[in-house]
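Remarks on the structure that follows.
Numbered from 1 within each chain, the chains take letters A, B, ... in sequence-line order.
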Protein chains: 2
Amino acid sequence: MHSKSYCGEMSAYSIDDVATLTGVSKHALRYYEREGLLAEVPKAPNGHRRYSEDDLGWVRFLQLLRATGMPIREMKAFVDLTHAGEHTIADRVEVLAHYREALVTRMAADREHLERLNAKLDYYRGVLAAADAVPEDITGYVRTDRART
Amino acid sequence: MHSKSYCGEMSAYSIDDVATLTGVSKHALRYYEREGLLAEVPKAPNGHRRYSEDDLGWVRFLQLLRATGMPIREMKAFVDLTHAGEHTIADRVEVLAHYREALVTRMAADREHLERLNAKLDYYRGVLAAADAVPEDITGYVRTDRART
DNA sequence: GGTTGACTTCGAGCGCGCTCGAACTCCTAG
DNA sequence: CTAGGAGTTCGAGCGCGCTCGAAGTCAACC
């Protein structure tokens with residue numbers, strides 16, 4: 001990470017820095033910018049992007065929105081609200097609250113999926129344990145896979 | 001749901017029944033079958049699929065696998081293991097355990113995302129509350145959006 | 001001067017998981 | 001006899017979110 005100081009104390013990041021720091025690929029960073037999620041990132045005289053600390057923070061916020069399941073289209077709308085000024089805060093709250101809801105719902109679903117997965121694993125492990133206990137099939141009884149729920 | 005008995009006591013489901021009961025679209029059900037996730041669903045004399053109770057359970061299991069984040073390709077591999085017999089149970093456990101791990105990881109990430117989202121919402125609500133308290137901008141101080149983390 | 005390497009723009013392409021629609025077969029009701 | 005409705009097969013198409021690669025620019029180094 002070169003992080004050459006650009007203007008005295010100010011730190012500026014290259015696209016590679018941002019990619020490394022956030023885990024968002026360089027391609028994706030440019031894509032986000034094209035799509036208007038990132039506003040105009042200032043360029044150095046040689047044309048290279050120089051991300052500010054704020055830009056970095058904004059990328060991380062975009063990551064958060066993505067992680068909540070927000071599609072790119074909605075993110076764009078949200079960004080536009082943000083640029084439109086303070087009077088859109090109520091709208092922004094509404095959007096975020098909506099995705100919060102959805103996230104909470106998915107989390108509950110995931111807990112249930114985890115339980116079902118655990119049940120399935122327990123079943124399989126039971127079968128394995130039984131097979132270990134009686135390695136040769138003395139009984140002639142063939143257990144069928146009935147744990148399909 | 002017609003659920004005409006087909007053979008005495010046996011219940012059989014039409015594709016529409018299964019779609020309704022599971023929430024998997026009819027198109028997707030045929031797609032799954034094509035991809036070998038569902039094995040040969042028996043057909044009535046008129047060519048219509050007649051899903052058994054077991055098939056229904058299997059569809060629900062496929063849903064679970066999808067919900068854990070397993071891609072179709074992996075699901076196919078898992079199904080093949082299942083068809084290969086009891087001796088693949090250890091392998092199946094390995095696969096399921098892997099996706100269990102991933103699920104648990106995602107759940108932890110989601111908890112963090114939820115917290116960050118809540119923080120953002122709290123920040124915005126604070127701004128709204130402040131604006132409510134001082135509807136006219138007496139101070140001349142313009143608050144900037146600094147909650148980008 | 002030539003090579004390397006990190007960046008730029010641009011538009012095309014891809015992997016995934018369906019989704020759709022055309023053309024067909026059946027069966028049933030009017 | 002005709003019309004409607006539910007199913008079938010098949011291959012093409014789509015929406016999403018990147019991802020890639022060609023062709024170019026610029027700066028540094030040997």
task = Scan residues 28-38 of chain A against DNA chain C and write down, sorted by residue number, each residue with any heavy atom closer than 4.0 Å; if none is found, say none.
result =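 Residues of residues 28-38 of chain A that come under 4.0 Å of DNA chain C are, in numerical order, A:Arg30, A:Arg34.
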
message = Please check this pair: side chain of B:His48 against backbone of B:Ala44, looking for a donor-acceptor N/O pair closer than 3.5 Å.
response =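 No, the answer is negative, given that no donor and acceptor are paired below the 3.5 Å cut-off.
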
Among residues at least two apart in sequence or on other chains, which ones pass side-chain contact (heavy atoms from CB on, under 4.5 Å) with [X]?
X        : answer
B:Gln63  : B:Thr22, B:Val24, B:Arg60
A:Arg125 : A:Leu121, B:Val93, B:Ala97
B:Asp122 : none
A:Arg111 : A:Met107, A:Ala108, B:Met107

key: Partners meeting salt bridge (Lys or Arg N to Asp or Glu O under 4.0 Å) with B:Glu35 (sequence neighbours left out)   =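 Expected list: none.
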
ask   = In terms of the nearest nucleotide of DNA chain C, which residue is placed more toward the 5' end: A:Gly47 or B:Gly69?
value =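 The residue whose closest nucleotide sits nearer the 5' end is A:Gly47.
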
task = Specify the residue among B:Met70 and A:Tyr51 whose closest nucleotide of DNA chain C lies further upstream toward the 5′ end.
result =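 The answer here is A:Tyr51.
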
Return no unless some side-chain N or O of [X] is found under 4.0 Å from OP1 or OP2 of [N].
X       : N      : result
A:Ser14 : C:dA6  : no
B:Ser25 : C:dC18 : no
B:Arg49 : D:dT8  : yes

request  = Counting heavy atoms from C-beta on, name the nucleotide in D:dG7, C:dC7, C:dT8 closest to the side chain of A:Lys26.
outcome  =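 From the listed options, C:dC7 comes nearest.
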
message = Test: side chain to side chain donor-acceptor pair (under 3.5 Å). Region: residues 97-108 of chain B. Which pairs qualify, not counting sequence neighbours?
response =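 Residue pairs with at least one partner in residues 97-108 of chain B: A:Asn118-B:Arg100, B:Glu74-B:Tyr99.
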
Between protein and nucleotides 13-16 of chain C, what N or O pairs are separated by less than 3.5 Å?
| from | atom 1 | to | atom 2 | distance (Å) |
| --- | --- | --- | --- | --- |
| C:dC16 | OP1 | B:Arg73 | NH1 | 2.4 |
| C:dC16 | OP1 | B:Arg73 | NH2 | 3.1 |
| C:dC16 | OP2 | B:Arg73 | NH1 | 3.3 |

query = Among all residues two or more places apart in sequence or in another chain, which pass the ring pair (Phe, Tyr, Trp, His ring centres under 6.0 Å) test with B:Tyr32?
reply =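 Here no residue qualifies.
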
request  = Return the set of residues passing ring pair (Phe, Tyr, Trp, His ring centres under 6.0 Å) with B:Tyr31 (not counting sequence neighbours), or none when no residue passes.
outcome  =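 Listed in chain order: nothing, the list is empty.
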
query = Say you draw a straight line from OG1 of A:Thr88 to CZ of A:Phe78; how long is it, rounded to the nearest 0.5 Å?
reply =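 CZ of A:Phe78 is found 8.0 Å from OG1 of A:Thr88.
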
Distance, rounded to the nearest Å, where [X] contributes [atom1] and [N] contributes [atom2]:
X       : N      : atom1 : atom2 : result
A:His27 : C:dT9  : NE2   : P     : 12 Å
A:Arg50 : D:dA27 : CZ    : P     : 13 Å
B:Lys43 : D:dA6  : NZ    : C1'   : 15 Å
A:Gln63 : D:dC18 : CD    : C1'   : 14 Å

message = So, using side-chain hydrogen bond (donor to acceptor under 3.5 Å, both in side chains) as the criterion, who are the partners of B:Asp80 when residues are at least two apart?
response =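 Testing B:Asp80 for side-chain hydrogen bond (donor to acceptor under 3.5 Å, both in side chains), a comparison that skips the adjacent residues, returns B:Lys76.
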
inquiry  = How would you summarise protein contacts on nucleotides 22-30 of chain C per nucleotide, using B for base, S for sugar-phosphate only and - for none, with heavy-atom distances below 4.0 Å?
reply    = ----S----

